[in-house]
Colleague: 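Shown below is the structure under consideration.
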Number of protein chains: 2
Amino acid sequence: MSTDPSLPGKPVRVTSFDVAERAGVNQSTVSRALAGSPQVTPATRERVVAVAKELGYTVDHRASGLRKGRTDTIAVVILQRPEDKTPTGNPFYFELLGSICEAASERGLETLVSLQSENGRLTGDYVKRGQADGTIVIGSARNSTAWGFFQQLQRSESSLVFWGSPFDEARWIRSDNVAGGALATRHLIDRGYRRIAFVGPLETGPGQFAERFEGYCDALAEHGLEPLQASHYPDGDRIAQGYHAALELLDRNPDIDAFFAASDRLAFGVLERVRESGGDVPDKCGIVGFDGMSAGTVCNPPLTTVAPDLEKAAKALLAAALDDDKRGTGRVPVKLIERASVRALPAGKSPGDC
Amino acid sequence: MSTDPSLPGKPVRVTSFDVAERAGVNQSTVSRALAGSPQVTPATRERVVAVAKELGYTVDHRASGLRKGRTDTIAVVILQRPEDKTPTGNPFYFELLGSICEAASERGLETLVSLQSENGRLTGDYVKRGQADGTIVIGSARNSTAWGFFQQLQRSESSLVFWGSPFDEARWIRSDNVAGGALATRHLIDRGYRRIAFVGPLETGPGQFAERFEGYCDALAEHGLEPLQASHYPDGDRIAQGYHAALELLDRNPDIDAFFAASDRLAFGVLERVRESGGDVPDKCGIVGFDGMSAGTVCNPPLTTVAPDLEKAAKALLAAALDDDKRGTGRVPVKLIERASVRALPAGKSPGDC
DNA sequence: CTGAAAGCGCTTACAG
DNA sequence: CTGAAAGCGCTTACAG
């Protein structure tokens, strides 16, 4: 009984009935007062609030959610490669997650997080299960089974939104990848680099890397320059892939003087290889990454990179997931973060004149 | 009515009653069958399961939780400094969060994540609100207001566990910091470094840094060496603090040949300063960090560091939060991750003989 | 403005 | 082994 809180064992739950009794009002009045309903007298509200505080009462989220038909929480599933152990998974997604939590909190929502990798254990029906009002799916483009699963699920489960999905149906939010690729490439061209290679496996088909590559090609074409790519990427993580791509590219094209890597982690691998082969970054060789990862501040030299606006990304994802946004697809603007892996603008030049 | 799913507007929720009707059994039988109760015939169970699948039925988590008096979710609050914007917050906590999510998932629990920094908006009563069965608090030791809040809250709200709390009351899990500090320091001594400085502000009083410092002093004492610390740390992030500490220390003690930094981010700052002043890492100057952050693999040279076992940390935190573990406090073992910021063992030497 | 009552969708004694 | 019923703790029409 909630009338004897001194009972040993499990703590007794204080309910709105307890508050009602103590405040001398009906339970429904307690509910209204605490919900801030305008149809309750300030005087009663104050009394109820005081008693609630005294008793340490808080509305039970399950009960109110059940009754209201809402959950006031957003689910975020982060896809990982089965072979990635968590701490080594891509930190970029945790940075995005952070922004989502913040945006959710600002809208008065809680955030439920699910890390998923194993194919037998994929789930996305948080809405149906009454655990969330919408679901955001982000994460590694490399877990194609998982993406297939969610592509399928998306047909029956609405209020599912994707960040960087490798398919165009469904609702999604993405970086403005084409603009970002062009931005990075023009930045290199402006600084006098001419033989600029692209690093990023494209065989996954349409996707973010392909879009970044497109922007890269566009910018090169503007200046009559030729694209240049690696022919092969090993398995393994992005850093290893970047390393090997740079190895191969430099081997076959010793005249390369810059790299645009489709992600920061690829860029870290490129940087490692360039340094190893005695290349001088940024003077003889420029490098630009993509993602704006905070780890880019600690490498040597710090990595110049293209970063999506995570705050806007988070807001757009929430809006799409909660069905505010009818269209449900959108591009997030990117900006260039200048660090030190690209040399300064030649004296007397301004961006754009080459 | 759930009898007309073709109605436009909000999607109709399929309930256990719908399944029951279709399967020709009572609603309670549906519940039992889906819960895997042994007291339901295999034949009925199969029928129920089939119908549930056909109708796309899933148990409503709010309703079952309300009835069962559980939530099957764990809340994780991540404390940040008010001045830290999310993406720059300490990535270590996201790595720990990842491990917690994984451990939770293995126990069949969902994970609710809350990023908190502003003093007016601190909350930790997820259990009381029926949103979680336990709460784990991790995050920046520097938000002292927040820690004060939770120290207070912990007295009324049980099932609150802390990672690295700056106070000893309450339940907590921590790295074995003293052992870790000694481990790092002995590693440097074994490799021939003799003038080893400690980097890490201690003025926050008892806490993880102080424990690491203790281990550092222990190891030095074993070899008759003198401790050495910076006298002052600026405001700003850990990287800046590490940078300025190294600056001051090197200025006043040009003979320093190694640094043990109480966190990886401090170490990044130290590394930056040493490099800038022309120091040769690792040959003339060794550096060891603490945390095992993945960013340590991309700095140059990659950072040797002491890492807590995150998997064990996550499991211990869960156990303590869910009240399995009566004691509620514990130390997580640490290990040394050798990378390249410390030189190799002198020829003919083995660890321990100096 | 407040109260009495129904009902959100389950689980679990209680019967049989 | 299955069914009928109560009840978890709320919110919200419905009366007054």
Side-chain angles (χ1 to χ4, degrees), chain A residues 1-3 10-48 51-52 55-72 125 127-131 133, chain B residues 1-3 10-49 51-52 55-72 125-131 133:
Chain A
M1 294 297 104
S2 47
T3 48
K10 57 171 63 179
V12 188
R13 184 168 272 285
V14 179
T15 72
S16 53
F17 285 91
D18 299 320
V19 177
E21 191 181 346
R22 186 99 187 231
V25 295
N26 186 276
Q27 176 271 146
S28 54
T29 301
V30 172
S31 177
R32 290 196 192 95
L34 263 25
S37 160
Q39 50 171 10
V40 64
T41 285
T44 21
R45 182 196 320 290
E46 275 164 37
R47 188 149 34 95
V48 169
V51 173
L55 262 41
Y57 171 74
T58 324
V59 173
D60 187 293
H61 194 255
R62 292 165 299 196
S64 70
L66 183 58
R67 182 55 233 253
K68 290 193 290 189
R70 283 186 305 164
T71 64
D72 291 319
D125 50 358
V127 174
K128 195 156 65 173
R129 295 203 304 233
Q131 295 191 107
D133 300 330
Chain B
M1 296 296 105
S2 50
T3 48
K10 56 172 61 179
V12 189
R13 183 167 273 283
V14 180
T15 73
S16 52
F17 285 91
D18 300 320
V19 177
E21 191 183 346
R22 186 99 186 231
V25 296
N26 186 278
Q27 178 269 147
S28 54
T29 301
V30 172
S31 177
R32 290 195 192 97
L34 263 25
S37 160
Q39 50 171 8
V40 65
T41 283
T44 22
R45 183 198 320 290
E46 274 163 38
R47 189 148 35 93
V48 169
V49 168
V51 173
L55 262 41
Y57 169 75
T58 323
V59 173
D60 186 294
H61 194 255
R62 292 165 299 197
S64 70
L66 183 57
R67 182 54 234 253
K68 289 193 289 189
R70 283 185 305 164
T71 63
D72 292 320
D125 50 357
Y126 295 96
V127 174
K128 194 155 67 173
R129 294 202 307 233
Q131 294 190 109
D133 300 329

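What you see below is based on every heavy atom in this structure, not just the backbone, and it leaves out hydrogens, waters and symmetry mates. What you see is a predicted model; the values in this text were computed from it and never measured.
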Colleague: Please report the closest heavy-atom contact between B/A33 and B/V40, naming both atoms and the distance.
Modeller: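 Taking every non-hydrogen atom into account, CA-CG1, 3.9 Å.
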Colleague: Using a heavy-atom cut-off of 4.0 Å across all strands, would you classify A/T58 as base, sugar-phosphate, or nothing?
Modeller: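 If one applies the 4.0 Å heavy-atom cut-off, A/T58 turns out to touch the sugar-phosphate alone, with no base involved.
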Colleague: Taking for each residue the nucleotide of DNA chain D bearing the nearest heavy atom, is the 5' side occupied by B/N26 or by A/G65?
Modeller: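 First, find each residue's nearest nucleotide; the 5'-ward one identifies B/N26.
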Colleague: How many Å lie between NZ on B/K68 and C1' on D/dG7, as a whole number?
Modeller: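 B/K68 atom NZ is separated from D/dG7 atom C1' by 16 Å.
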Colleague: Over all heavy atoms of both residues, which pair between B/A52 and B/L34 is shortest? Give the atoms and the distance, please.
Modeller: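 For B/A52 and B/L34, the tightest heavy-atom pair comes out as CB-CD2, 4.3 Å.
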Colleague: Check the distance between D/dC8's C1' and A/H61's NE2 and give it to me in whole angstrom.
Modeller: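 Value for this atom pair: 16 Å.
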Colleague: Are the side chains of B/D133 and B/V127 in touch, meaning some heavy atoms are under 4.5 Å apart?
Modeller: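 The answer is no, as the side chains (C-beta and beyond) never meet within the 4.5 Å cut-off.
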Colleague: Looking at every non-hydrogen atom in both residues, tell me the closest pair between A/R45 and A/G36 and how far apart they are.
Modeller: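 Where A/R45 meets A/G36 most closely, the heavy atoms are NH1-CA, 3.6 Å.
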Colleague: Closest approach of A/V25 and A/V48, non-hydrogen atoms and distance?
Modeller: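 Smallest heavy-atom distance, with atoms named: CG2-CG2, 4.2 Å.
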Colleague: Which comes earlier along DNA chain D counting from the 5' end, the contact point of B/R45 or that of A/F17, where each point is its nearest nucleotide?
Modeller: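 The residue mapped nearer the 5' terminus is B/R45.
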Colleague: Name all pairs fulfilling the side chain to side chain donor-acceptor pair (under 3.5 Å) condition that reach into residues 28-43 of chain A, sequence neighbours left out, sorted by first residue then second.
Modeller: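 Those involving residues 28-43 of chain A are A/N26-A/S28.
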Colleague: Grab the CZ-C1' distance between A/R129 and C/dG9 for me, whole Å please.
Modeller: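 One finds 16 Å between C1' of C/dG9 and CZ of A/R129, rounded.
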Colleague: Sequence neighbours excluded and cut-off under 3.5 Å, please list the side-chain donor-acceptor pairs for residues 61-69 of chain A, or say none.
Modeller:
from: A/H61; atom 1: ND1; to: B/Q131; atom 2: OE1; distance (Å): 3.4
from: A/H61; atom 1: NE2; to: A/T71; atom 2: O; distance (Å): 3.1
from: A/H61; atom 1: NE2; to: B/Q131; atom 2: OE1; distance (Å): 3.3
from: A/R62; atom 1: NE; to: A/D60; atom 2: OD1; distance (Å): 3.3
from: A/R62; atom 1: NH1; to: B/G65; atom 2: O; distance (Å): 3.2
from: A/R62; atom 1: NH1; to: B/R70; atom 2: O; distance (Å): 2.9
from: A/R62; atom 1: NH2; to: A/D60; atom 2: OD2; distance (Å): 2.8
from: A/S64; atom 1: OG; to: A/D60; atom 2: O; distance (Å): 3.4
from: A/S64; atom 1: OG; to: A/H61; atom 2: O; distance (Å): 3.3

Colleague: Any idea which heavy atoms bring B/T15 and B/Y57 closest together, and the distance?
Modeller: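 Nearest heavy atoms, B/T15 then B/Y57: C-CE1, 3.4 Å.
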Colleague: Could you check whether A/S31 gets within reach of a base, just the sugar-phosphate, or nothing at all, counting any heavy atom under 4.0 Å?
Modeller: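 Result for A/S31 = base.
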Colleague: Nearest whole angstrom, please: distance from the P of C/dC10 to the CD of A/Q131.
Modeller: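 After rounding, the gap between these two atoms is 13 Å.
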Colleague: Using atom CG of B/L66 as one end and atom C1' of C/dG7 as the other, report the distance to the nearest whole Å.
Modeller: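 So the CG-C1' distance, B/L66 to C/dG7, works out to 12 Å.
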Colleague: Give me the atom names and distance for the closest heavy-atom approach of A/D18 to A/R13.
Modeller: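 What the structure gives for the nearest pair is OD2-O, 3.8 Å.
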Colleague: Given the rule that a pair is Watson-Crick or G-U wobble with both distances under 3.5 Å, how would you write DNA chain C in dot-bracket, using | for pairs to a different strand?
Modeller: |||.||||||||.|||
Colleague: Find the distance A/D60:CG to D/dG7:P and express it as a whole number of Å.
Modeller: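 The answer, rounded to whole Å, is 18 Å.
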Colleague: Using atom CZ of B/R62 as one end and atom P of C/dG9 as the other, report the distance to the nearest whole Å.
Modeller: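 In whole Å, C/dG9 P and B/R62 CZ are 8 Å from each other.
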Colleague: Within the pair A/T44 and C/dC1, is there a side-chain N or O less than 4.0 Å away from OP1 or OP2?
Modeller: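 Answer no for this pair, as no side-chain N or O of A/T44 is under 4.0 Å from OP1 or OP2.
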Colleague: Please tell me if A/T29 has a side-chain N or O lying less than 4.0 Å from either OP1 or OP2 of C/dG3.
Modeller: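 The answer is yes; a side-chain N or O of A/T29 sits under 4.0 Å from OP1 or OP2.
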Colleague: Which residues pass the salt bridge (charged side-chain N to carboxylate O under 4.0 Å, His left out) test with B/D125, sequence neighbours left out?
Modeller: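 If we apply the salt bridge (charged side-chain N to carboxylate O under 4.0 Å, His left out) test to B/D125, skipping adjacent residues, the hits are B/R129.
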Colleague: Write down the distance between CD (A/E21) and P (C/dG3), rounded to a whole number of angstrom.
Modeller: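 So the two atoms are 13 Å apart, to the nearest Å.
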Colleague: Return yes if the base of C/dT2 and the side-chain atoms of A/Q27 contain a donor-acceptor N/O pair under 3.5 Å, otherwise no.
Modeller: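 Donor-acceptor pair under 3.5 Å: no.
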Colleague: Just the table, please: protein N/O against nucleotides 13-16 of chain C N/O, every pair under 3.5 Å.
Modeller:
from: C/dA13; atom 1: N6; to: B/R32; atom 2: NH2; distance (Å): 2.6

